[in-house]
Chemist: 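One structure is given below, represented as structure tokens, and several questions about it will come after.
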Amino acid sequence: MRTIGAALAAIGGIIATAPVALPAALVTLGGYLVLAGSVAAAVSSAAVDPNGDLRRVADEPAAADRQRVVERGDAASL
């Protein structure tokens with residue numbers, strides 16, 4: 001997702017700053033692509049824990065604690 005967002009932002013930047021005269025709608029579209037791509041890249045980068053272990057074991061104490069909180073309905077404290 002981060003790569004797709006970066007690609008959208010790059011394409012939008014190229015369109016928005018093209019050295020030739022383009023229709024206003026196309027330049028506006030380029031601006032929206034930059035915005036959407038930047039937001040997508042930022043959100044996907046922020047949602048990743050670089051030190052996280054993706055292979056967690058179900059009987060791990062932290063996982064068991066999270067499961068009890070979810071079952072209790074107190075997920076807001078997570």
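Only this structure's heavy atoms are used, side chains among them; waters, hydrogens and symmetry mates stay out. Please read these numbers as outputs of a predicted model, since none were measured by experiment.
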Chemist: Supply the atom-to-atom distance Ile15 CD1 to Leu29 CG, rounded to the nearest 0.5 angstrom.
Modeler: 5.5 Å
Chemist: Looking at Ala16 and Gly31, what are the two nearest heavy atoms and their distance?
Modeler: CB-N, 4.3 Å
Chemist: Does Leu8 share a hydrophobic cluster with Leu26, counting links as ILVMFWY side-chain heavy atoms below 4.5 Å and allowing steps through other members?
Modeler: yes
Chemist: Same cluster or not: Leu35 versus Ile11, using hydrophobic residues (I, L, V, M, F, W, Y) connected whenever any side-chain heavy atoms lie under 4.5 Å apart?
Modeler: no
Chemist: Of all heavy-atom pairs between Ala40 and Gly5, which one has the smallest distance, and what is that distance?
Modeler: CB-CA, 4.0 Å
